[in-house]
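The block underneath contains the structure these notes are about, expressed in structure tokens.
Counting starts at 1 for both ligands and their atoms, following the listed order. Please read these numbers as outputs of a predicted model, since none were measured by experiment. In this chain, numbering begins with 1 at the start of the sequence shown.
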Amino acid sequence: MPSIETFRQTPHLVFGGDYNPEQWPEEVWEEDIRLMRKARVNRVTVGVFSWSSIEPREGEYRFGWLDRVMDLMAENGIGVILATPTASPPPWFTAAHPEALPVTANGVRLVHGSRDTYNPAAPAYREAAKRVAEALAVRYAFHPALRMWHLHNEYGTVSYGPETDRAFRTWLQDKCGNLDALNSTWNTAFWSQGYSEWDQILAPQATQYLPNPSQVLDFKRFSADLLRDCLREQVGVVRSHRPEVPVTTNFMLPSWNHYDQWDLAAEIDDVSVDHYPDTPGIEGDVQVAFGSDLARSFNAGRPWVLMEQATTMVYDYAQGRILARPPGALKFNTLQYLARGATGSLFFQWRSPRAGAEFFHSPMVPHVGEDSRTFREIVELGTTLERLAELAEAPAEGQRVTDARVAIVWDAAAWWSADTRALPSNDLAFLPAVRSVHRALWRLGVNADFVQLGADLSRYRLVLVPSKLAASDAEAEALRAFVTAGGHAVLWYFAGSTDENLNVRPGSFTGAFADLLGIRVEEHHPQLAATALTLSDGSAADCWAETIELKGAQSVAEFTHDPLAGSPAVTRTAVGDGTAHYIGTRLQAEALEAHLHRILGEAGVGKDHPAAGNGLEAVRRHAGAGTYLFLLNHGPDAVVVEARGHDLLTDTDLDGTATLDPGGALILREPANITEH
Ligand code: GLA
């Protein structure tokens with residue numbers, strides 16, 4: 001029987017993937033075990049979409065196959081992350097409860113035939129999900145193979161329709177209390193939308209022209225809360241049987257915004273993420289760093305679980321392309337995930353199915369079998385991870401797995417508000433803005449965490465707020481307190497122009513922060529897509545300009561185009577012991593790096609390693625009492641780096657310099673006297 005320590009502390013990095021033995025005859029299971037042992041697999045995720053195999057008819061459970069799989073894993077020393085199968089209700093469920101099928105924004109009720117065919121607001125679905133979770137917990141909570149619960153899969157289904165409308169009204173009653181407050185919050189007097197009965201309120205399905213932005217934002221908040229409630233119910237079920245078994249649910253990063261990651265993270269023991277970079281080359285590598293930094297931040301700086309990556313470089317449903325990774329790239333990217341706090345690497349999936357929707361999705365064991373480059377690279381990766389076992393030790397008490405002195409604000413509601421239709425420009429999207437700032441820091445060799453405004457910011461010297469249209473007074477106050485106490489903050493155009501209900505703040509655009517920034521933004525000048533701007537310091541910009549009046553701030557760079565020539569574009573102002581910086585245009589990549597470099601200098605934040613930047617990634621990971629410096633060369637040329645310590649990859653001591661070829665990596669266990677930057 002595993003002890004509590006077994007759940008909290010593995011002696012090795014985890015390695016394995018989604019395993020679906022129910023899709024194969026049992027002879028194949030024996031072969032799977034042989035190959036898993038060869039690859040040094042020590043974790044499998046079982047049961048993710050297996051509801052119809054577990055419960056083929058309502059209330060009729062068939063656990064025989066799963067018992068054998070769990071036992072087989074225990075016998076072979078492979079831990080199981082056991083999933084509840086609730087992301088894919090079986091046909092018997094949807095036949096019995098058609099009202100629980102999802103309805104699209106256009107009012108189309110979907111039918112069974114794929115996965116995720118449920119409405120999270122439908123009581124019948126919620127009850128069935130709890131029942132199957134309960135049945136699994138009763139049977140397996142004390143099984144020796146169990147290491148973690150994996151609840152659901154990628155929460156993210158949004159549904160409209162009558163079941164949703166009812167739940168949305170209840171949520172609004174909780175939020176607003178009475179209809180007068182709701183009518184005022186949504187300003188329903190505009191276009192004659194005043195509600196006189198709660199039953200008149202609908203979720204914002206397709207309508208004739210622009211929907212009410214405040215209503216849409218509240219619907220997104222409601223949908224996110226609904227998914228959180230689904231998760232909370234299942235957490236309650238499995239914890240009631242054996243609370244020490246850690247619980248996770250896998251977030252799809254970074255493109256899914258149907259839930260609030262911070263809220264979901266608060267419900268579970270450990271954050272796990274699915275991550276599929278969609279661009280080859282160095283841009284894909286930057287995405288790996290981005291996804292890892294998000295995952296670690298959602299898990300409060302603790303090691304996090306990479307629940308899914310793929311052996312192909314890109315698997316992009318939208319564009320319909322699966323690109324092979326170049327030789328060695330899988331291992332190189334996996335080292336990046338490890339550097340930034342992953343507990344190991346799991347894959348979607350162990351073996352490709354012979355038929356079914358994802359039959360050509362890349363696996364660890366491809367259709368062609370063991371004699372393949374993919375499987376050879378998997379075996380090599382398994383061997384490498386075994387060599388890195390000491391990284392699995394948890395950081396010392398109170399220590400984060402990596403340290404950062406810069407934080408970027410990640411905020412689900414900021415994303416939802418930036419998606420509002422009928423803003424002054426179509427280029428105000430959240431994700432590209434956040435990514436561009438993270439990418440600039442990566443290129444500058446400075447590591448960052450993500451935070452929410454309102455979280456404890458005291459560990460950071462610099463907080464960046466790239467996109468935050470809707471901001472509450474409390475959020476504005478939190479940022480002011482951070483700056484006053486000596487922090488540096490950077491805000492970008494349009495931030496805080498509305499309150500949290502998308503009601504515009506009068507008197508100055510960027511109103512929530514204008515006073516802190518020492519400016520008044522009087523007029524927006526959105527730019528056409530093809531228009532290039534140049535600032536007085538030579539910075540290239542586009543997309544946005546605005547009339548900024550200085551109210552105590554100083555101008556750092558000015559616009560040079562008419563009618564704004566000579567008027568401030570970038571400003572700074574001292575506030576208390578800190579500085580508030582403002583960027584009133586969209587700086588292009590190089591200019592953004594230059595301005596962030598300036599601001600980092602003012603904030604006293606240096607690189608994480610002298611050689612870091614320009615494609616040399618340097619990250620320190622804490623494990624046990626030790627620190628491990630990862631040095632990864634993403635550039636096209638060999639680089640010579642200062643290297644002192646024991647390299648875990650080659651098992652050699654280094655005391656001087658080392659040459660890193662393109663794609664080369666070092667993981668140095670640092671001597672105790674090396675101080676951190
Ligand atoms: C997601 C899912 C998996 C699979 C992969 C394909 O992350 O969790 O079931 O569909 O995508 O990339």
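Salt-bridge check for E127 with K130: passed, with a basic side-chain N closer than 4.0 Å to an acidic carboxylate O.
In summary, the atoms of ligand 1 found under 4.0 Å from a heavy atom of E308, numbered by their order in the structure, are 1 (C), 2 (C), 3 (C), 5 (C), 7 (O), 8 (O), 11 (O). Atoms of ligand 1 lying under 4.0 Å from at least one heavy atom of E154, given by number and element, are 1 (C), 2 (C), 7 (O), 8 (O). Within ligand 1, the atoms closer than 4.0 Å to a non-hydrogen atom of F49 are 9 (O), numbered from 1 in the order shown. Taking every heavy atom of H361 and a limit of under 4.0 angstrom, the matching atoms of ligand 1 come to 6 (C), 12 (O).
Heavy-atom contacts from other residues, nucleotides or ligands closer than 6.0 Å to CZ of R373 number more than 12.
Neither the backbone nor the side chain of Q349 has any atom closer than 4.0 Å to an atom of ligand 1 (non-hydrogen atoms only). With a 4.0 Å heavy-atom cut-off, ligand 1 is reached by no atom of V48.
Note: no N/O pair closer than 3.5 Å links N250 and ligand 1 by distance alone.
K331 pairs by the salt bridge (Lys or Arg N to Asp or Glu O under 4.0 Å) definition with E380, not counting sequence neighbours. For W442, the ring-ring contact (aromatic ring centres under 6.0 Å, His included) criterion is met by H634, not counting sequence neighbours.
Using a 4.0 angstrom heavy-atom cutoff, R115 counts as in contact with ligand 1.
Figure legend: R351 and W24 shown as a cation-pi pair, the cationic atom lying under 6.0 angstrom from the six-membered ring centre and within 45 degrees of its axis.
In summary, of the residues considered (M252, H150, H275), a side chain to side chain contact (heavy atoms under 4.5 Å, CB included) with M307 occurs for H150 alone.
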